[in-house]
Amino acid sequence: MTPAELADAVALAVRDAVAANELPVEVGQVPLDIKVERPRSKEHGDYATSVAMIISKSAGKNPREVAEVLKARLEKVAGITAVDIAGPGFLNITLEAGAQGVLAENILSAGENYGHSQVLSHRIINLEFISANPTGPLHLGHARWAAVGDALGRVLSAAGAKVTREFYINDAGVQMDRFGASLQAAATGQDIPEDGYHGAYIPTLAAQVVQENPQIVNLEGSAQQTAFRDDGYRLQLKQQQEILEQFGTVFDVWFSETVLHASGDVDAAIETLRGQGHVFDKDGAVWLRTTEFGDDKDRVMVKGDGEKTYFAADAAYYLNKRARGFDQCMYMLGADHHGYVQRLKAIAACAGDDPKVNIEVLIGQLVKIVEDGKEMRLSKRAGNIITLEDLVEWVGVDAARYSLARSSADTPLTLDTKVLTARTNDNPVFTVQYAHARISSVLRNAVELEVIGEGEIASALQAAGPFDPALLNHEREGDLLGALAEFPRVVASAAELFEPHRVARYLEELAGTYHRFYDACRVLPHGDEEVTPLVLARLRLCAATRVVVANGLQLLGVSAPERM
RNA sequence: GCGCUCGUAGCUCAGCCGGAUAGAGCAACUGCCUUCUAAGCAGUCGGUCGCAGGUUCAAGUCCUGCCGAGCGCACCA
């Protein structure tokens, strides 16, 4: 019996009790979403629900009386061994061992689909993240989104959502000219302009441009600057794409802001919003009345000099996404851009949409990195920046992705280079990967001992003999089965709450639960011992655990090694 | 000044849209390898959940105020 099935059974018991007039609750008062949770303490059974306390008020009975009514019904449900009432009115439910054990078989047959669901099947989501300027390398802040955004995309897909991952290339505006001027200055031995880019990568990139296009030195003035801008842009973007590919973060769409302007989308967007009655002219500029929808001030779309603002492009981009059929536009922004949230929502509202439905903004706190106790500053305009490439070089893709994705995006994160470079078990990714490798080892040995045949593990187990789930009645086996049963709920809630880090935290717990099982329960026979049904049952449990660990790591974009 | 985000063990962080004695890893200390990977397991130590009120049968979780940290408040991108 899975948690979902148990929750359904509890819900049914409530509805039946109401229908039978055992609980004087109006039908409308019955909670639709009844929760069943795993208690921290084993004394509280396999699962517990607080539903009796929740409906006690509307039932006009005290919680324990309500619990009595539900207990009587739940005790008759197949697969439930015991129902106890505890504390103020908790229902503590104990399941039959066999009812839990069959899960191992179910997980094996579901394979890589175990954990997938359709809870978000109605959503068509545009997931935009990173969206860096193509004027420099991706840095640590981008790395966080590369890990979290990618994992979120995977989690949302697993929950049945139709997800398009998109990178908005901020390749328009004066910044690009400053970028070109900076490269030009670096290449021609002049001082980089005060308002230019001063990163250490600029001279390197400038040299690269010259190497690929030696003729550029013969150009002059603004023609040369434009050439540096365009060539530098191309090279820089390519470098960003390469490192992201190496990082395992893939995008479906690379969307150029310049194209948005050139296609006329920006002009069209202004007219569309004007048609909705939210655009006005003042002081020679064109404004959007965002204050009508909670913004602190109205925003300029077309400046007095006729230039369109970045904000105008944002509005056009939003409308473009909507026109492409996305009903939820997700933005992942750094904490230093949180001021944009209100105006983004205002755009949606001005367009006649519901910001609460159509816009979702996730704010990521900044990543700090310390070395020898002192913080290293991250600045694209100063030297000494820590890039995504550096991070991968130091700790590898797996450790980098995992350590960034295991924390909630809205907590400030401090990474210690000493810890990350040490390659010790300080990094929980090793514990999780180790569990996968350890299980793989057990399964390899099972083949070697000819307990099971070679080939695909699920069918090899199938061929080896029948499965008696009731044999998995050791306490540690029950713990492990309980943990495995949680996986679908973890993935679903990670998707619904946009919090992929829940998957990582779950995996850490699962790994610990497996290690404790492994310590207490010998799987393979010693020496001449016979292959008992218990051996086969435990092998199934091991194989099922490996499936879940692998599926979880897959959602995080982290590899699941068979040997370490 | 206005606004947003964050304050949980010595450190890094969880805490499942209010639930039972607040958790994990690391660090410190103590045990466990002739047996499937000891990158493991068992145990000890460690917290007035920033502070003060409020709502509730129940608050780390929700509301208000204060304190502290970071960041935003452009006809910049």
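Note that this is a predicted model, so its numbers are computed, not measured. Atoms considered below: every heavy atom in the structure, side chains included; atoms not considered: hydrogens, waters and symmetry mates. Letters A, B, ... mirror the listed sequences (proteins, then strands); counts begin at 1.
Listed by chain and residue number, R406(A) satisfy the salt bridge (charged side-chain N to carboxylate O under 4.0 Å, His left out) test with E508(A) (two or more places apart in sequence, or in another chain). In this structure, F311(A) has no ring pair (Phe, Tyr, Trp, His ring centres under 6.0 Å) partners at least two apart in sequence or on a different chain. A search for ring pair (Phe, Tyr, Trp, His ring centres under 6.0 Å) contacts involving Y331(A) returns nothing, not counting sequence neighbours. R299(A) meets the side-chain hydrogen bond (donor to acceptor under 3.5 Å, both in side chains) test with D295(A); sequence neighbours excluded. Among residues two or more places apart in sequence or in another chain, the side-chain hydrogen bond (donor to acceptor under 3.5 Å, both in side chains) test is passed with Y506(A) by none. A search for ring pair (Phe, Tyr, Trp, His ring centres under 6.0 Å) contacts involving H515(A) returns Y434(A), not counting sequence neighbours. Checked against side chain to side chain contact (heavy atoms under 4.5 Å, CB included), R289(A) has the following partners two or more places apart in sequence or in another chain: F280(A), T291(A), E292(A), D298(A).
Within residues 529-545 of chain A, no residue places a heavy atom under 4.0 Å from RNA chain B.
Within 4.0 Å (heavy atoms only), N170(A) reaches no atom of the nucleic acid at all.
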For nucleotides 4-7 of chain B, tabulate all protein N/O to nucleotide N/O atom pairs closer than 3.5 Å, reporting atom names and distance.
from, atom 1, to, atom 2, distance (Å)
rC4(B), O2, H338(A), NE2, 3.4
rU5(B), O2', Q365(A), NE2, 2.3

Between N or O atoms, less than 3.5 Å apart, protein on one side and nucleotides 60-62 of chain B on the other: list the pairs.
none

- [ ] Indicate for each nucleotide in nucleotides 15-21 of chain B, in 5' to 3' sequence, whether protein heavy atoms under 4.0 Å reach the base (B), only the sugar-phosphate (S), or nothing (-).
- [x] SSS-BBB

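Using a 4.0 Å cut-off, no side-chain N or O of K303(A) falls inside it from OP1 or OP2 of rA74(B).
Nucleotides rC16(B) and rG72(B) place their P atoms 30 Å apart, quoted to the nearest Å. Annotation: rC4(B) and rG47(B) have their C1' atoms spaced 29 Å apart (nearest Å). Using P as the reference atom, rA22(B) and rG10(B) are 16 Å apart when rounded to the nearest Å.
Residues D398(A) and S559(A) bring a donor and an acceptor atom of their side chains to less than 3.5 Å of each other. In summary, the side chains of S440(A) and R546(A) do present a donor paired with an acceptor at a separation below 3.5 Å, with no hydrogens or angles considered. A donor atom on one side chain and an acceptor atom on the other are not found under 3.5 Å apart for N92(A) and Y47(A).
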Open item on the list: Please convert RNA chain B into dot-bracket. A pair counts if it is Watson-Crick or G-U wobble with both distances under 3.5 Å; crossing pairs go in [ ] and bases paired with another strand get |.
Closed with: (((((((..((((.....[...)))).(((((.......))))).....(((((..]....))))))))))))....

